[in-house]
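Heads up, the thing below is written out as structure tokens.
First the proteins, then the strands, lettered A, B, ... as listed; each starts at 1.
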Protein chains: 2
Amino acid sequence: MQQLEQIISSLRDEGLRITPQRIAIVDYLLKTEDHPSAELIHKVVRKRYPMVSLSTVYKTLDLLKEKKLVNEIEVEGEARFDAHTDEHINLICMKCGKIDDIDEEYLKEIQVKAAKKSKYLILKSNFELHGYCNSCKSKTKSI
Amino acid sequence: MQQLEQIISSLRDEGLRITPQRIAIVDYLLKTEDHPSAELIHKVVRKRYPMVSLSTVYKTLDLLKEKKLVNEIEVEGEARFDAHTDEHINLICMKCGKIDDIDEEYLKEIQVKAAKKSKYLILKSNFELHGYCNSCKSKTKSI
DNA sequence: ATATTATTAGGAATAATTCCTAATTAAGTG
DNA sequence: CACTTAATTAGGAATTATTCCTAATAATAT
């Protein structure tokens with residue numbers, strides 16, 4: 001897990017400017033367990049910095065993705081973001097839309113094996129399992 | 001790998017109508033190694049059935065997804081489709097956009113383990129590795 | 001303090017997908 | 001085979017997440 005200060009100084013080291021908008025976005029992503037959409041990030045960040053625009057949120061997310069400081073997955077035509085960037089499994093609830101992370105050490109090995117076999121140069125991985133979370137699953141049963 | 005006849009009769013058994021549009025779309029998906037987008041499917045199918053509309057392609061794909069006869073993955077804001085529906089890894093080239101499949105037997109085990117740990121009911125999985133394919137990789141090097 | 005230049009706000013433009021409806025047609029029935 | 005009816009389709013309009021554009025703003029170096 002990254003710290004806000006680390007990320008900020010790594011951005012500064014690359015000659016990028018540290019703006020309140022960027023700080024607020026990174027701060028929120030580090031603190032939340034959610035995998036928020038751009039719009040949700042915008043809504044949340046706006047509470048403290050009302051002038052932040054949605055286009056700035058998108059631009060900042062692009063920047064953070066490029067620097068590998070956040071991870072993006074697409075769920076039902078919408079991008080969802082996460083500061084948890086090491087290999088893991090994303091569990092996606094098809095009912096309530098929540099996303100949980102699970103670590104699985106064998107993923108790295110699978111990736112290396114697939115890279116060798118396919119001769120691809122792998123730059124990013126994304127392991128998704130879609131279904132119903134524990135709470136939505138039981139709600140269904142009781143109907 | 002499914003056969004066209006199997007799929008058609010399974011659709012018919014559910015009371016669905018067998019139309020030339022549906023046959024053409026399923027037939028193409030079964031024959032191709034590509035992971036075509038809806039638009040590409042439309043273009044290809046149109047050559048033989050010029051009257052097929054894009055909205056019918058989308059509707060048919062929805063139907064086939066629901067019946068678990070095709071798999072969908074989203075790449076750069078665009079859905080890509082594949083008749084290869086058992087667990088596998090999708091290798092996605094970030095340069096040319098091609099997608100290769102690789103089998104990996106341990107995926108099933110990982111999925112079961114994650115389901116147990118998370119208490120999710122898993123309905124669908126999607127394992128993606130993004131990077132450069134062998135050919136795009138070497139092109140980059142030579143620049 | 002000032003100059004420079006990256007960044008931002010805000011809205012317009014884009015593009016994949018979904019939605020809508022009248023026309024068509026697959027398939028069951030006598 | 002002709003007829004019925006309800007599913008399916010074509011075509012285009014509507015939707016929506018994201019990208020693009022540009023003048024205004026503000027972070028940073030000097």
**Report entry** Residue met sooner reading DNA chain C from 5', once A:Y49 and B:E76 are mapped to nucleotides
**Finding:**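 The 5'-side residue here is A:Y49.
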Query - Base versus backbone protein contacts along nucleotides 21-30 of chain D [heavy-atom cut-off under 4.0 Å; B, S, -] - result: -----BBS--
Requested in this report: Only pairs at least two apart or in different chains count here, so list each side-chain hydrogen bond (donor to acceptor under 3.5 Å, both in side chains) that has a residue in residues 39-50 of chain B.
Outcome: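 Checked against side-chain hydrogen bond (donor to acceptor under 3.5 Å, both in side chains) - neighbours excluded - the pairs reaching residues 39-50 of chain B are B:D27-B:R48, B:H42-B:R46.
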Interatomic distance, [X] [atom1] vs [N] [atom2] [rounded to whole Å]:
| X | N | atom1 | atom2 | result |
| --- | --- | --- | --- | --- |
| B:I23 | C:dA26 | CD1 | C1' | 11 Å |
| A:E66 | D:dT19 | CD | P | 13 Å |
| B:E74 | C:dT17 | CD | P | 7 Å |
| B:L11 | C:dA26 | CG | P | 15 Å |
| B:L64 | D:dT8 | CG | P | 12 Å |
| A:L54 | C:dA13 | CG | P | 17 Å |
| A:L61 | C:dT7 | CG | C1' | 15 Å |
| B:L63 | C:dT18 | CG | C1' | 16 Å |

Query raised in the report: Only one of B:T85, B:I7, B:L29 forms a side chain to side chain contact (heavy atoms under 4.5 Å, CB included) with B:L69, so which one is it?
Result: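 Of the listed residues B:T85, B:I7, B:L29, the side chain to side chain contact (heavy atoms under 4.5 Å, CB included) partner of B:L69 is B:I7.
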Query raised in the report: Within the structure, does a side-chain N or O atom of A:T56 lie under 4.0 Å from either OP1 or OP2 of C:dA9?
Result: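 True: A:T56 side-chain N/O within range (under 4.0 Å) of C:dA9 OP1/OP2.
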Query raised in the report: So, is B:Y58 close to the C:dT17 phosphate, meaning a side-chain N or O under 4.0 Å from OP1 or OP2?
Result: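 For C:dT17, OP1 or OP2 has a side-chain N or O of B:Y58 closer than 4.0 Å.
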Query - Residues B:D62, B:K59: salt bridge by 4.0 Å N-O rule - result: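 B:K59 and B:D62: not salt-bridged.
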Query raised in the report: Any salt bridge between A:D100 and A:K98, counting N to O under 4.0 Å?
Result: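 A:K98 and A:D100: salt-bridged.
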Query - Nearest listed nucleotide, side chain of A:A38, among C:dT18, D:dT8, D:dT18 - result: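 Between C:dT18, D:dT8, D:dT18, the one nearest the side chain of A:A38 would be D:dT18.
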Report task. From the options D:dA17, C:dG10, C:dT17, select the nucleotide whose nearest atom is closest to the side chain of A:E78. Result ->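 Selected nucleotide: D:dA17.
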**Report entry** Any A:I110 side-chain heavy atom under 4.5 Å of B:L107 side chain
**Finding:**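 Yes; the side chains approach each other to less than 4.5 Å.
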Query raised in the report: Where is the tightest heavy-atom contact between A:E74 and B:E76, given as atom of each residue plus distance?
Result: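 Looking at all heavy atoms of both residues, the shortest contact is OE2-N, 3.8 Å.
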Report task. Compute whether any side-chain donor of one residue and acceptor of the other, for A:N71 and A:H35, lie under 3.5 angstrom apart. Result ->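 A:H35 and A:N71 do not have a side-chain donor-acceptor pair below 3.5 Å.
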